[in-house]
Amino acid sequence: MPQLRPSLSIAAAAFALALAALAPTAPAQAQPANDTLAKIKASGAITFGYREASFGFSYLDANLKPVGYSIEICNRIVDAVKTELKLPAVEVKYQAVTSANRIPLVQNGTVDIECGSTTNLVERQSQVAFSPDIFRYNVRTLVKADSGIKSIADLQGKTVVTTAGTTSFRLLRAADKGRSLEVNQLSGKDHTDSFLLVESGRAQAFVLDDILLAGQIANARNPKDFVITGESLRTENQSLMFRKDDPAFKALVDRVVSGMMKSGEMEKLYSKWFMSPIPPKGININYPLNAETKEAFANPSSKGI
């Protein structure tokens with residue numbers, strides 16, 4: 001009987017080793033899913049989400065390269081990432097996004113930071129995180145200059161287009177305030193598609209951020225044929241967007257964006273993209289810095305609306 005004990009101990013040890021081999025790796029060794037800096041360090045690359053037709057902010061130049069105000073701010077963030085991670089270079093990859101798919105592409109890791117024209121809404125903060133506001137603007141209406149439309153009430157019975165995935169139509173309904181406005185709604189796949197529906201006469205009005213509407217008019221074949229009119233439906237804010245629950249990356253983004261505002265670099269960048277001729281046609285959007293954006297630069301905030 002005494003000889004059985006050693007063999008039992010050996011069997012028990014072998015069983016324990018087998019269990020250990022089958023056990024999952026300890027959580028402490030796993031890389032957090034939202035650790036953007038770790039992801040960049042491992043891959044040597046970062047992926048920008050960009051818009052194809054948010055003129056001034058994020059769009060394609062004559063060589064089909066993403067350019068704009070938001071893209072340049074993201075480039076400054078990449079410079080800071082290189083310093084933080086002590087990397088000689090970080091490759092920038094590009095992924096086109098739309099109003100409809102931008103949030104899912106950030107959430108699933110396809111896009112590391114969206115350098116576009118996204119509104120920082122409190123309701124969106126349950127899904128993604130935002131930088132301090134880089135722009136503030138008013139949601140208004142673009143119409144043909146000879147349309148006779150001057151207010152929300154004038155849209156009665158008209159066809160109104162909004163871009164898929166934006167909050168524009170919801171804001172129009174909220175602004176109606178029980179007047180039972182009846183309109184036909186169309187949806188464009190992007191801002192240029194929405195604008196073309198007005199230009200072609202299929203829609204009589206296009207509701208969107210006034211700065212983005214100004215960019216569409218500036219790039220039109222006949223800019224004088226269009227005007228931005230009507231009441232402001234809401235003052236909104238644009239921010240860069242990235243994954244939530246990633247405090248290290250948010251701290252870096254906030255530091256870069258706030259620093260650009262305090263140093264005066266952001267205002268110079270604003271002037272370059274909204275008050276000067278820009279590629280590919282050398283058109284000037286000519287949208288002076290408004291009081292709301294000046295306040296955003298003076299007091300950086302990502303609290304959302």
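For this chain, numbers begin at 1 and follow the sequence in order.
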To the nearest 0.5 Å, how far apart are CD1 in Ile77 and CE in Met260?
8.0 Å
In terms of the angle between their ring planes, are His191 and Phe206 parallel, tilted or perpendicular, with boundaries placed at 30° and 60°?
tilted
With no hydrogens and no angle check, is any side-chain donor or acceptor of Arg243 less than 3.5 Å from a backbone partner on Asp35?
no
I need the Lys272 NZ to Tyr270 OH distance, nearest 0.5 Å.
15.5 Å
Closest non-hydrogen atom pair, Ile152 against Leu181:
O-CD1, 3.7 Å
Does a side chain donor of either Gln238 or Asp209 reach within less than 3.5 Å of an acceptor in the other side chain?
yes
Are Arg76 and Asp79 close enough, and set up right, to give a salt bridge (charged side-chain N to carboxylate O under 4.0 Å, His left out), and what steps lead you there?
CA-CA 5 Å; Arg76 303 294 192 280; Asp79 290 340; 5.5 Å; no
Show your working on ring pair (Phe, Tyr, Trp, His ring centres under 6.0 Å) between Phe242 and Phe130 and close with a plain yes or no.
CA-CA 6 Å; Phe242 43 94; Phe130 293 93; 7.7 Å; no
For Glu52, is there an ion pair with Lys65 - N to carboxylate O distance below 4.0 angstrom?
no
Between Lys41 and Glu84, is a salt bridge (charged side-chain N to carboxylate O under 4.0 Å, His left out) present by the stated rule, with each step listed?
CA-CA 10 Å; Lys41 188 168 187 176; Glu84 178 87 7; over 6 Å; no
Is there side-chain contact between Asp112 and Phe48, with at least one heavy-atom pair below 4.5 Å?
no
Just verifying a value: how many Å separate Asn184 CG and Arg202 CZ, rounded to the nearest 0.5 Å?
12.0 Å
Looking at side-chain heavy atoms only, is the closest gap between Thr119 and Met241 below 4.5 Å?
no
Strictly distance-based, threshold 3.5 Å: is any side-chain N or O of Ser147 a donor or acceptor partner for the main-chain N or O of Val143?
no
Between Gln204 (side chain) and Val160 (backbone), is there a donor-acceptor pair under 3.5 Å?
no
Taking the side chain as every heavy atom from C-beta outward, state whether Asn222 and Glu199 have any atom pair closer than 4.5 Å.
no
What are the two closest heavy atoms between Leu240 and Ile134, and how far apart are they?
CD2-CD1, 4.0 Å
So which heavy atom on Arg140 is nearest to which on Leu213, and how close?
O-CD1, 3.6 Å
Any side-chain heavy atom of Asp133 sitting closer than 4.5 Å to one from Lys303?
no
Any side-chain heavy atom of Leu171 within less than 4.5 Å of one from Val207?
no
Should Val139 and Ile217 be counted in the same cluster of Ile, Leu, Val, Met, Phe, Trp and Tyr side chains packed under 4.5 Å apart?
yes
Between the main-chain N or O of Val253 and the side-chain N or O of Ser131, is there a donor-acceptor pair closer than 3.5 Å?
no
Using atom types as modelled and distance alone, determine if a side-chain donor or acceptor of Asn284 lies under 3.5 Å from a backbone N or O of Met275.
yes
Judged by modelled atom types alone, do Thr118 and Glu114 share a side-chain donor-acceptor pair under 3.5 Å?
yes
Under 3.5 Å, is there a donor on one side chain and an acceptor on the other for Asn237 and Tyr137?
no
Check Ser99 against Thr166 and note the closest heavy-atom contact, atom names and distance.
OG-CG2, 3.6 Å
Between Arg51 and Asp190, is there a salt bridge with N-O shorter than 4.0 Å?
no
Asp193 side, atom CG; Thr163 side, atom OG1 - distance, nearest 0.5 Å
8.0 Å
Whether the side chain of Gln216 engages the backbone of Ala53 through a donor-acceptor N/O pair (distance < 3.5 Å, no angle test) should be reported.
yes
Can you see which heavy atom on Ala205 is nearest to which on Thr141, and at what distance?
CB-CG2, 3.6 Å
Exam field: side chain Asp246 to backbone Thr36, donor-acceptor pair closer than 3.5 Å
yes
Does any part of the side chain of Thr162, heavy atoms only, come nearer than 4.5 Å to the side chain of Leu172, both counted from C-beta?
no
Is there a donor-acceptor contact under 3.5 Å from the side chain of Asn34 to the main chain of Lys244?
yes
Tell me the closest heavy-atom pair linking Ser258 and Pro300, and the distance in Å.
OG-CB, 3.5 Å
With no hydrogens and no angle check, just 3.5 Å: does a side-chain donor-acceptor pair link Arg136 and Thr235?
no
Worked verdict on Glu123 versus Arg170 for salt bridge (charged side-chain N to carboxylate O under 4.0 Å, His left out):
CA-CA 14 Å; Glu123 64 195 68; Arg170 188 175 70 186; 3.3 Å; yes
Working to the nearest 0.5 angstrom, can you tell me the gap between Gln95 CD and Cys115 SG?
12.0 Å
The residue among Phe57, Phe297, Trp273 that forms ring pair (Phe, Tyr, Trp, His ring centres under 6.0 Å) with Phe135 is Phe57
Taken to the nearest 0.5 Å, the spacing of Arg173 CZ from Leu233 CG works out to 12.0 Å
Atom CD of Glu72: over 12 foreign heavy atoms under 6.0 Å:
yes
Report the C-alpha separation of Lys250 and Asp254 in whole Å, then their side-chain angles, then the decisive distance to 0.1 Å, and conclude whether the salt bridge (charged side-chain N to carboxylate O under 4.0 Å, His left out) test is met.
CA-CA 6 Å; Lys250 176 162 174 56; Asp254 287 1; 3.0 Å; yes
Within a strict 4.5 Å, meaning less than it, do heavy atoms of the Tyr287 and Asp210 side chains meet?
yes
Would you say Asn101's side chain and Thr98's backbone share a donor-acceptor pair under 3.5 angstrom?
yes
Spell out, as yes or no, whether a donor-acceptor pair under 3.5 Å connects the side chain of Thr293 to the backbone of Leu289.
no
